[in-house]
There are 2 protein chains.
Amino acid sequence: MLTGDKISFRDVKNEILGRIHAREWPPGSLMPGEIELAEEFGCARATVNRAMRELAEEGIIDRKRKAGTRVNIAPVRHAKFEIPLVRTEIESLGASYRYAFISRSIDLAPDWLRARICLGPDDQVLHIECMHYANNAPFQFEDRWINITAAPKSMTADFSAISPNEWLVAELPFSEAEISFSASAVDERLARFLSMYHGEPHFLSERVTWLKDLPITFAQMSYGRGYRMTTRY
Amino acid sequence: MLTGDKISFRDVKNEILGRIHAREWPPGSLMPGEIELAEEFGCARATVNRAMRELAEEGIIDRKRKAGTRVNIAPVRHAKFEIPLVRTEIESLGASYRYAFISRSIDLAPDWLRARICLGPDDQVLHIECMHYANNAPFQFEDRWINITAAPKSMTADFSAISPNEWLVAELPFSEAEISFSASAVDERLARFLSMYHGEPHFLSERVTWLKDLPITFAQMSYGRGYRMTTRY
DNA sequence: CAGTGGTCTAGACCACACA
DNA sequence: GTGTGGTCTAGACCACTGC
């Protein structure tokens, strides 16, 4: 367990993980306190604290004041997915990126959108459609709605040159986002843009972002054939 | 900014975030060092360190020794998804859970599986198929392959009573997992189990887990109609 | 009320990466 | 080399919560 002369919080973490895996501290059981472990490992309590805090963040253990620390029975695993810019995503695949603008319009927010992101009946939205290509093959169709009240500057942005995705990240910080993934069938129009068949399954990502309770944007990203989202943990 | 008499790492974090949002430290710029900030905020360096470390973990800033800390130009956002037991997932929706065993067999690992998770040509696998229901409606079809070499105990488990999902979580720790999501069309057999139409899109989740380079299990989870995976960040 | 984790401090040394 | 972040320490006080 010694990697050097001093005990690192990583050593402590690994040792604890090992004991949990070895069922030395079985799921549901109470682990020793920080002070006790610090003495056993010959390190400061802060070191044990950091190790255990990280394990708690990862969902391996559960900590409560006064009650102590327990090994989680069903460790709720967390998978972390990176949410990059489409361009970054494509370029990191080693492919060339191309952006294509499709349409732009300004409308009263349609009812379904008002309901979805809590807009008033008189709020106007900027509606953009565009495509993202990887090596000139259709990669993603972006259907973007921007709340003009929250982002008046979007009116003057030139979305024929820069994608709304990229413009928003650069211009508008957000405090909160909701993202969801599902599978859906492409309709006839979408099928043409993505070079797919009408009714073919596609991976759909929907995103809403807010800046302090003020809805900024709603987007539907439809991915082309064969897209998969992968992560390790 | 003061929440009490002492400066918390949360205060520091919020203050830094505020300045980044206000473009006081624009994207790509070099931020002051830890010592300087600690002096400005009137707290210890460790406090600033923790604040900045968390911001770095969240992808907001980028830290390098000697080079200093910079605001990320394109903050790579991370979305965290919980990966619970199917049962837990269903119950937390307020629905009743039911498990149904379908089939069990022991075979030489098929070629596609050997290639997928790096098995030898003579390795045997336990193949289980089962269903998970929410309020008696089809929720998920689980197609599970277990590496017998890595998990000999699985041979004697009673998978007609407990789902492989649950058995594995309880019995076999893993050190690493890969998970991926995609959209696919249901084939004829799957359609019957999920009460869907042949060719209908469904959300597909694939998972591989390892224990120190030793592949343990591969699973395909096919979700029923309308499933969506959602998170906030 | 008392015990456990949560956090802050002040100081120290180390490791890495840039010049 | 030298400066910046990375980490450990020893000690202290606080806050929550179960008894």
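What's counted below: heavy atoms across the whole structure, side chains too, no hydrogens, waters or symmetry copies. Note on naming: letters A, B, ... go to the chains in the order of the sequence lines (proteins, then strands), and numbering restarts at 1 for each one.
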Is the B/F203 to B/Y227 ring centre distance short of 6.0 Å? yes
Could you tell me whether the side chain of B/R70 and the main chain of B/G28 form a donor-acceptor pair under 3.5 Å? yes
Between D/dG5, C/dA10, D/dT7, spot the one nearest the side chain of B/A44, thanks. C/dA10
Using atom CD of A/E57 as one end and atom C1' of C/dG5 as the other, report the distance to the nearest whole Å. 14 Å
Among C/dC8, D/dT7, C/dA17, the nucleotide that comes nearest once only the side chain of B/K66 is considered: C/dA17
Does A/R65 place a side-chain N or O at less than 4.0 Å from the phosphate oxygens OP1/OP2 of D/dC14? no
How many Å lie between CG on A/L30 and P on D/dC19, as a whole number? 11 Å
C/dG6, OP1 or OP2 - any side-chain N/O from A/R63 closer than 4.0 Å? yes
Just to be sure I understand the rule, does B/R45 reach a base, reach only the sugar-phosphate, or reach nothing, if contact means heavy atoms closer than 4.0 Å? base
Between D/dA10 (P) and A/N49 (CG): distance, integer Å: 15 Å
For atom CZ of B/R70 and atom C1' of C/dC18, their distance in whole Å: 12 Å
Centroid separation A/F181 to B/F81 less than 6.0 Å: yes
Hey, could you give me the CD/NE2 distance between B/E166 and B/H132, rounded to the nearest 0.5 Å? 8.5 Å
Starting at atom CD of A/E54, determine the distance to atom C1' of C/dG6, rounded to an integer number of angstrom. 15 Å
Does the cation-pi check pass for B/R232 over A/W210, that is, NZ or CZ under 6.0 Å from the six-membered ring centre and within 45° of its axis? yes
Atom-pair distance (CD1 on B/I7; C1' on C/dT9), nearest Å: 13 Å
Per nearest nucleotide of DNA chain D, the residue lying toward the 5' end, A/K64 or B/G33, is B/G33
Any chance you could measure A/H21, atom NE2, to B/L211, atom CG, to the nearest 0.5 Å? 7.0 Å
Give DNA chain C the dot-bracket treatment, 5' to 3': Watson-Crick (N1-N3 with N6-O4 or O6-N4) or G-U (N1-O2, O6-N3) under 3.5 Å, [ ] crossing, | other strand. ||||||||||||||||||.
I want to verify a distance call: between D/dT7, D/dT9, C/dG6, whose nearest atom is closest to the B/R53 side chain? D/dT7
Here the distance between atom P of C/dG5 and atom CE of A/M52, to the nearest Å, is 6 Å
Which whole-number value in Å describes the distance from B/E34 CD to C/dA12 P? 17 Å
Taking only N and O in the side chain of A/T47, is any of them less than 4.0 Å away from OP1 or OP2 of D/dT9? yes
Is it true that B/F139 and B/Y223 have ring centroids separated by less than 6.0 Å? yes
Compare side-chain N and O positions of B/T69 against OP1 and OP2 of D/dT4 and report whether any pair is under 4.0 Å apart. no
